Every structure is written in structure tokens, then in C-alpha cells.
2 protein chains.
Amino acid sequence: MKELQSEYQCAINLVIDLIGGKWKVLLLWHLNEGDKRFNELRRTIPEITKKMLTQQLRELEGHGLVKRTVFEEVPPRVVYSTTDFGHRLQPVLYGMCQWGDDYAEKEGIQMNSCWTGRDFMKNKSDLS
Amino acid sequence: MKELQSEYQCAINLVIDLIGGKWKVLLLWHLNEGDKRFNELRRTIPEITKKMLTQQLRELEGHGLVKRTVFEEVPPRVVYSTTDFGHRLQPVLYGMCQWGDDYAEKEGIQMNSCWTGRDFMKNKSDLS
DNA sequence: CGGAATCCAGACGGATACTG
DNA sequence: CAGTATCCGTCTGGATTCCG
């Protein structure tokens, strides 16, 4: 488990320690859609291994960005969701996504089935 | 040099490839304050080694987020700045910083001299 | 001043086997 | 189903030295 420092020069450094790395932002993004089970996340992100998924979810949980709920059933069911604080990151993730979309368009990079910034926008206006 | 994929599942993945890692977000954040020379960046971020600084700046340049300008003088002078597109990420970085500040406050983490989201806010209202 | 080259440790990530 | 445990290779990042 990655320990935070007791002191930071700049908030950006803290943010990098909290959500840096290859998977965390992606996990938070997908969890913002709604609660997800372990294997549901694996299907959503096929490239991640069980080991990495467990590890990253545990760190997010440890830093209070993700909540892990265990239902004592057989077979066991575990549901992951963002905490209120983790959820507060959503506008930022959304901004990142939009910026990424713009970059992809500018550079002619193909974007696939996944939930993108534009989809999100469309979805929001559908709701209103 | 990290090559981008020709196709992405999700814009977030593209964004991670563009500005992921330990240094890029921090560099873009500092470059948004204004153009900076190589050793100026080193002083701003004392923990980064020359190798990493060069490497990360080159990748940012290669992806069109940072511009590198060489002045043919003795001693040589090289100035780095954000491109227009790199600059478009600023609101996102600002949002990250604010969120990080909130986290630090919530968790009682000390924040130091560096340019933070709040400082930025203060600065903007000073200008207006 | 602004790098490049080299070497090395540790983090990251894959495969496989096992478990309540 | 939702993990743990272990082994192992790759690869990123850090320290140091050298260079025009």
C-alpha cells in the first residue's frame, strides 16, 4: 500500500500519489457510472489482471476514494463504489475525457465503444 | 518515446498515455505559469533528475503539448512552453489541484510554498 | 547550459495455483 | 465469486558520469 507523505510541496503532487498510475483514474471513471462488482470491472477493463485490480482498488479504498461493500452470501458478492469524496473528482475526470476526445479528433485517433466525454454530455442532457 | 495507440477504448486511456506518470502533469502545471528554461524547471521541481526532465519534456513535445525553443547562443538557452492544446488542459489541472487541496485539508496534510489551486484562484481575482 | 550514456533497484505486470 | 500467494520477467525511474 502506497503511503502518502505527511507534507507536500504542491497539491498536484498529492493528487498524483492519490490517483496516479495506470489504472486508478480509469477505475474511478467507471465507478462513477455506478456501483460495480469485481468481475464486472474486469469485463469493463479486460486488460487489467486480477492482481492489479485488487491492488488498485485496495489503495483507492485505503485513501478513502472508493468504498468496498461485502455481502455475506454464497457465492460472495462484493460491490465497489466511489465515496462522496471520490465522486467529487468526477468533473475533473470529465474534463480530462473531453480534452482527450478533442485530442483524438485532432490527431485522427479512433475512439471506441466506451463511455466518453461526449456520451456523458449527451446523457446529461437526456436527463434534464 | 512512448507511442500512442492508433485506437482507444476510452478517452481516459488516451489521456493517461498523454499525461500519465509521475512528472507530466506537474510539468504542465508549472509551464502554465509561463515559459521556463531547463534549469529553471529543475529548481522548481528539485526532486526530478535531468534524465527524467529531458525525457518527459521530449514526450510532451512529441505529443504536441509542449513547445521547445532553442536560442542559438553561448551558453545555449532552451525555453519550454505549453502549446495551445497543452494549455487547454489548464482548467483540468486546476480542478485537480483544488480537489487535492480539499483532500489535504480533510486529512490534515501539510501543504507548502508551492502554487496551489487556492493561490491560483487568489491570483486570478487579483488580475481581474 | 542543456543535455546523452550507462548502470542498477524497485515497481509494474503476467502466469499459475490455491481458497473460503 | 472474489479474491491470495508466489514466482518471475519487463520496464520505468533514479544516480552517476561524461560531453559540446
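Order of the sequence lines sets the chain letters (A, B, ...), proteins ahead of strands, with each chain counted from 1. Quantities reported herein were computed from a predicted structural model and do not represent experimental measurements.
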Residues which pass side chain to side chain donor-acceptor pair (under 3.5 Å) with [X], listed by chain and number, not counting sequence neighbours:
X	value
B:Glu40	none
B:Arg88	A:Asp102
A:Gln56	A:Lys24
A:Glu7	B:Asn112

Legend entry - A:Lys22: partners by salt bridge (charged side-chain N to carboxylate O under 4.0 Å, His left out), with sequence neighbours left out: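 Here no residue qualifies.
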Legend entry - Pairs meeting criterion ring pair (Phe, Tyr, Trp, His ring centres under 6.0 Å) with involvement of residues 64-86 of chain A, two or more places apart: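 Listed by first then second residue: A:Phe85-B:Trp99, A:Phe85-B:Tyr103.
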Inset, instruction - Just report the end-to-end axis angle for the helix from C:dC1-D:dG20 to C:dG20-D:dC1, five pairs per end, to 10 degrees. - result: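 About 50°, once rounded to a multiple of 10°.
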Inset, instruction - Supply the members, apart from A:Val74, of the Ile/Leu/Val/Met/Phe/Trp/Tyr cluster built from side-chain contacts under 4.5 Å; use none for a lone residue. - result: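 Via sub-4.5 Å side-chain contacts, A:Val74 links to none.
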Inset, instruction - Would you state whether a donor and an acceptor, one from the side chain of A:Lys51 and one from the base of C:dG14, lie under 3.5 Å apart? - result: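 Yes, the side chain and the base share a sub-3.5 Å donor-acceptor pair.
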Legend entry - salt bridge (charged side-chain N to carboxylate O under 4.0 Å, His left out) contacts touching residues 70-84 of chain A (sequence neighbours left out):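 As it turns out, the salt bridge (charged side-chain N to carboxylate O under 4.0 Å, His left out) pairs with a partner in residues 70-84 of chain A, which skip direct neighbours, are A:Glu73-A:Arg77.
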Inset, instruction - Report the residues that fulfil side chain to side chain contact (heavy atoms under 4.5 Å, CB included) with A:Val92, sequence neighbours left out, ordered by chain and then residue number. - result: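 For A:Val92, the residues satisfying side chain to side chain contact (heavy atoms under 4.5 Å, CB included) (neighbours in sequence not counted) are A:Leu89, B:Val92, B:Met96.
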Which protein N or O atoms sit under 3.5 Å from an N or O of nucleotides 17-19 of chain D?
none

Inset, instruction - For DNA chain C, determine which residues of residues 70-79 of chain B have any heavy atom closer than 4.0 angstrom to one of its atoms, and list them numerically. - result: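 Contacts with DNA chain C under 4.0 Å: B:Pro75, B:Pro76, B:Arg77, B:Val78.
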